[in-house]
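Step one of this worksheet: look at the structure below.
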Amino acid sequence: MREKTNPSLSYPFDSAPEGGDVVELKPGIYWLRLPIPFELNHIKVWLLEDGDGYTLVDTGISSDKTCAAWERVFADVLKGAPIKRIIVTHFHPDHFGLAKWLCDRTGASYFTSAETCERVSFLLQPGD
């Protein structure tokens, strides 16, 4: 079966970034492509300039590879600027998986739906 293309779609880039890479889509809007160990091998998360810091939408899955990708983002993109807010869109491990780690590391506030909050609240308690 031959895949159909939609001529009305227009993509701003020739290809997607590699896993762990960051692309600035518009000034202050960053697309992060983080690795996940599933058939779909990545998740898109969004870093948005927010005054003197950033708001993050989704976090990536909790894994050493994803933490290493975040360490590169801290060094190469944030350059000391804080993540002030973390928004988790829904209860999937690739969307909320590093929320606790990122909140602990950055001191950011955490926002999500009541349902997701209820499901993951036990994971976001301060560490021992």
**OP:** Check whether any side-chain heavy atom of Trp46 lies under 4.5 Å from a side-chain heavy atom of Leu25, and answer yes or no.
**Re:** yes
**OP:** Specify the closest pair of heavy atoms between Ser62 and Gly97, including all atoms of both residues, with the distance to one decimal.
**Re:** CB-O, 3.5 Å
Subject >> Pairing residues for Ser109 by the side chain to side chain donor-acceptor pair (under 3.5 Å) criterion, not counting sequence neighbours >> reply: none
**OP:** To the nearest 0.5 Å, tell me how far Ser63 OG sits from Leu34 CG.
**Re:** 8.5 Å
Original post:
If you look at every heavy atom in Val77 and Leu47, which pair is closest and at what distance?
Top reply: CG1-CD2, 4.1 Å
Subject >> OG1-CZ distance between Thr55 and Phe111, expressed to the nearest 0.5 angstrom >> reply: 8.0 Å
Subject >> Sidechain-backbone polar pair: Thr116 side chain, Thr112 backbone, donor-acceptor under 3.5 Å >> reply: no
Original post:
Are any non-hydrogen side-chain atoms of Thr59 and Ile86 less than 4.5 angstrom apart?
Top reply: yes
Original post:
Does the side chain of His42 come within less than 4.5 Å of Pro35's, by heavy atoms?
Top reply: no
Subject >> Pairwise distance CG(Leu98) to CD1(Ile61) - rounded to 0.5 angstrom >> reply: 8.5 Å
Original post:
For Asp76, does the CG atom have more than 12 heavy-atom neighbours from other residues, nucleotides or ligands under 6.0 Å away?
Top reply: yes
Original post:
Does some side-chain heavy atom of Leu48 sit less than 4.5 Å from a side-chain heavy atom of Val57?
Top reply: yes
**OP:** With side-chain contact (heavy atoms from CB on, under 4.5 Å) as the test, would you mind laying out the steps for Leu102 and Leu56 before giving the verdict?
**Re:** CA-CA 10 Å; Leu102 285 163; Leu56 172 63; 3.6 Å; yes
**OP:** Decide yes or no for Ile83 and Phe74: does some side-chain heavy atom of the first lie under 4.5 Å from some side-chain heavy atom of the second?
**Re:** yes
Original post:
Under the 3.5 angstrom rule, does the side chain of Glu24 hit a backbone N or O of Gly28 as a donor-acceptor pair?
Top reply: yes
**OP:** Would you check if Tyr110 and Val88 make a side-chain contact, meaning some heavy-atom pair closer than 4.5 Å?
**Re:** yes
Subject >> Arg105 vs Glu71 side-chain heavy atoms within contact, under 4.5 Å >> reply: yes
**OP:** Answer yes or no: is there a donor N or O on one side and an acceptor on the other, between the side chain of Trp70 and the main chain of Gly60, under 3.5 Å?
**Re:** no
**OP:** Output the distance between atom OG1 (Thr106) and atom CG (Leu78), rounded to the nearest 0.5 Å.
**Re:** 9.5 Å
Subject >> Validation row: Tyr54, Lys84 side chains within 4.5 angstrom (heavy atoms) >> reply: no
**OP:** Give a yes or no answer on whether the side chain of Asp21 reaches the backbone of Leu32 with a donor-acceptor pair at less than 3.5 Å.
**Re:** no
